[in-house]
Structures are given as structure tokens and as C-alpha cells.
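Quick notes on the structure that follows.
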Amino acid sequence: MGKDTENLSADYKGLSEGGVRELVIPNEQGGQRLDQALSALLPEFSRNRIQNWIRARKIAVDDVFPSTKMKVCGGEAVRVEVELDSDATPDAPEEIPLNVVYEDPMLLVINKPVGLVVHPGSGNRSGTLLNALLHRVPQVAELPRAGIVHRLDKDTSGLLVVAKTLKAHTDLVRQLQARTVKREYLALVYGEIDHAGTVDAPLARDPHNRTKRGVHPMGKPAITHYDVVERFPGVTLVRCKLETGRTHQIRVHMQHIGHPLVGEQIYSASRRSHHKIPFPRQALHAERLGLVHPLTHDYVQWECPLPPDFASLLDALRHDIPWGS
């Protein structure tokens, strides 16, 4: 199977600061462009920044300065002179309460609430999960993206695992790339689905809106399996199992097969269907998470209940009560 590089880095040396990084291109990335391969290996830096470093001769491959169009074979020794953005402001630790489901010296599993942004970004420089982690576990400041190895959208609730050490980070990323991490979501979608299915449709960034994704034949492989959990008039509760972890994957895939999520603001099938149930966010919850523990090598799994708003919506549907009444 192909590598699932949406979920952050592979072999990683050094801290999240300036200096020299030395790494080896994994054989599995043979055939990729150098900037693409390095984006997977150094996820804390944007692809555009990596391309600028190549042009500025800050990156050498087997002691030769490459072009931005160079393709790698796998096994190349790469030296990167990291230059930090002089205008960047370091992310600040913030005392933000977290619902911790599990914690040990290597891992932290949280139940992310609706409304909590995972990474600081434009318009969200504070109040994020990353800020909370820097306060609760200060040593994650030395890890790529403060140990965050996968993501949930702001308005998606549920389970998310964070690495507390470099060993755990590397191990978890490799599990995500090998597609062995079990991630199951509950989603309420429009339409009455009567059987299980699989959506195998590659996803790419929308050329007109960088925050959106869409199905595209030249996109990254994306596979979602779904099962029916409960049916209601006009809507169905499904359990979605991710084989890959692309941005907005479930939301785009369910819209692609004609079953957009209830409450969906971006990937709704039509304005009319969007207003059938006035739920204020996408009805999506990361219910189950399973992986091999980086230290014990035992398979471990967690499960968390639906948040109150989602549970209340289902209760209203079961009793044929209009939502919000």
C-alpha cells in the first residue's frame, strides 16, 4: 500500500528549531519529488518553505545541490540547513482543560471537544490543542507539531492520540503510514442507506479554495469503509472506518456518494438538503481509536461516548421530535 503522508513525519532527527537536519529518504518514497518527500519527513515546515530552501542551496542530496524538480529514488542522504522564520511567533503554552482518556509516559489520548482547534493557524494563534499540550506536557515542544500525529476538524469531536516522546512519535507516524491505526467515526448523513460500502476515491486540494478538498483522479489515495448503525426517516447513522487519513476525508467521501453529513457547512449536496435538520455543525464523532503501543507492542484501543449535542440529536430522531424543540 502507498504511504499515508497526510498524517505527518517518518524518520526524524533533531528538534523543532533551527540548525542542520540529516536524514535518509525512505525507499518507499522512491519516485517522489524531493520537496514532496521532505514535506512528509519534515511536516513542521511547509512545502513552499522547503522549495525555497532548495533554491537557496540550503538542501543537499548526497552532497549535491538539487533542483526543485529532482525526483528521489530512496536511500539518498539529505542535509537540510533549517532557517526559522524570523517573523514567526513561538506557540505559547496555555492552561486549557483537556478531557484525558488515557496517559502514560509515551502517549496521551484525549477526547477533543467540539470547537477546539488542533493546530494554531490563521485566525487561531491561541486557544488550540497544541497550546494546551505545551502547558500540560512541556517536553512536547521538542517534537514535530508538539507530538500531534493526526488531526480532527474544529467541529468534529472525539479521540485523538498525541506522542509524548520522539520514539513514540516516530512509531505512531509509521503506524499511520502503514494504515494499521484503527480509526472509527460515527456520522449522521442524509439519505437512507441500506447496506455497508466502501468509498475509494482519491482526494486533492480544491484549486479555487485551499481549505477545501475534492475527489480528483490525480489526488492522493483515500479509502473510507462505512456500515449502517441506525436508520431514521431521511437520515442514517453510519460508522465510518478510515483506511487513509486525508483532510476532510469522511465529509468529502459521503458527499461524493450522495449522502452529505447532517450539519455540513462546506460539503453539502444542496442548500435545500443542508437545511433539513438545523444542526449547527457536521454530525461527526471519532468514537474509536486503536493502535500498537510503541513501548509494549500490545494492541490497545479506546472508545468515547457521543458529545451531548450529537446524542441529543439522535434521541430526538428516535422519538420523532424536531431537533431543537
Side-chain angles (χ1 to χ4, degrees), residues 1-10 25-51 54 68-74 118-119 121-122 145 148-156 173-185 187 189-191 196-226 238 240-261 264-270 282 284 286:
M1 289 187 174
K3 292 177 76 68
D4 190 6
T5 54
E6 195 80 14
N7 292 303
L8 316 185
S9 79
I25 302 294
N27 291 331
E28 305 94 292
Q29 290 185 295
Q32 295 182 357
R33 278 178 39 154
L34 174 62
D35 59 340
Q36 180 183 4
L38 290 178
S39 292
L41 294 170
L42 299 170
E44 66 271 37
F45 302 116
S46 70
R47 193 162 171 180
N48 183 63
R49 182 179 291 189
I50 289 171
Q51 290 172 340
I54 293 173
T68 55
K69 296 182 179 180
M70 175 187 177
K71 289 192 175 183
V72 296
C73 298
V118 173
H119 291 111
S122 178
R145 302 195 187 188
I148 298 170
V149 294
H150 66 121
R151 313 163 206 187
L152 294 177
D153 295 333
K154 175 183 177 182
D155 290 328
T156 297
V173 167
R174 285 173 174 164
Q175 290 188 54
L176 285 162
Q177 291 175 337
R179 304 182 185 176
T180 58
V181 175
K182 178 180 181 180
R183 287 172 288 173
E184 297 187 6
Y185 294 68
V189 302
Y190 284 113
T198 296
V199 184
D200 185 350
L203 299 181
R205 194 185 298 272
D206 187 317
H208 305 294
N209 185 339
R210 289 182 57 81
T211 65
K212 292 180 64 176
R213 301 297 188 274
V215 172
H216 192 282
M218 299 303 291
K220 296 179 180 179
I223 301 172
T224 304
H225 308 284
Y226 61 89
V238 295
C240 296
K241 302 176 182 179
L242 293 183
E243 190 169 316
T244 55
R246 307 303 177 200
T247 300
H248 299 174
Q249 179 172 316
I250 293 173
R251 298 166 63 187
V252 177
H253 273 176
M254 297 312 293
Q255 187 272 339
H256 180 65
I257 63 172
H259 297 287
L261 272 63
E264 178 61 68
Q265 302 290 326
I266 300 174
Y267 305 107
S268 55
S270 68
Q282 66 264 14
L284 185 62

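Just so you know, residue 1 is the first one in the sequence shown, and it goes up from there.
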Are any of the side-chain heavy atoms of Gln177 and Pro26 separated by less than 4.5 Å? no
State, with a plain yes or no, whether a side-chain heavy atom of Tyr190 is found less than 4.5 Å away from one of Pro260. yes
State whether the side chain of His248 and the backbone N or O of Lys212 hold a donor-acceptor pair below 3.5 Å, judged by distance alone. no
Mind checking whether Gln255 and Glu264 have side chains closer than 4.5 Å, heavy atoms only? no
Could you state the interatomic distance from CD (Gln36) to NZ (Lys71), rounded to the nearest 0.5 Å? 9.0 Å
What distance separates Gln282 CD from Met254 CE, expressed to the nearest 0.5 Å? 14.0 Å
So CG of Leu284 and CG of Leu152: to nearest 0.5 Å the spacing works out to 8.0 Å
Partners meeting side chain to side chain donor-acceptor pair (under 3.5 Å) with Gln249 (sequence neighbours left out): Thr224, Thr244
Under 3.5 Å, is there a donor-acceptor pair between the side chain of Asp206 and the main chain of His208? yes
Would you say that Ile257 contacts Tyr226 through its side chain, given a criterion of any heavy-atom pair below 4.5 Å between the two side chains? yes
His225 side chain near Glu243 side chain, heavy-atom distance below 4.5 Å: yes
State, yes or no, whether a side-chain contact exists between Leu41 and Ile25 at a heavy-atom distance under 4.5 Å. yes
Let me confirm one number: the CG-CZ distance from Asp35 to Arg49, rounded to the nearest 0.5 Å. 15.0 Å
Less than 4.5 Å apart, side chain to side chain, heavy atoms only: is that true for Arg145 and Val118? no
Residue set satisfying ring-ring contact (aromatic ring centres under 6.0 Å, His included) with His256, at least two apart, ordered chain then number -> none
Heavy-atom side-chain contact between Arg183 and Cys240 under 4.5 Å: no
Minimum heavy-atom distance between Arg246 and Ala222, given as atom pair plus value: CG-CB, 3.8 Å
Restricting to non-hydrogen atoms, name the atom on Gly219 and the atom on Ala204 that form the minimum distance, rounded to 0.1 Å. CA-CB, 3.8 Å
Say you draw a straight line from CD of Gln29 to CG of Leu38; how long is it, rounded to the nearest 0.5 Å? 8.0 Å
Can a donor-acceptor pair be found, under 3.5 Å and without considering hydrogens, that links the side chain of Tyr267 to the backbone of Arg213? yes
Smallest heavy-atom separation, His253 atom then Ala201 atom, equals NE2-O, 2.8 Å
Note: Thr68 and Gln51 closest approach over all heavy atoms is CG2-O, 4.0 Å
Measuring from Arg251:CZ to Asp153:CG, what's the distance to the nearest 0.5 Å? 5.0 Å
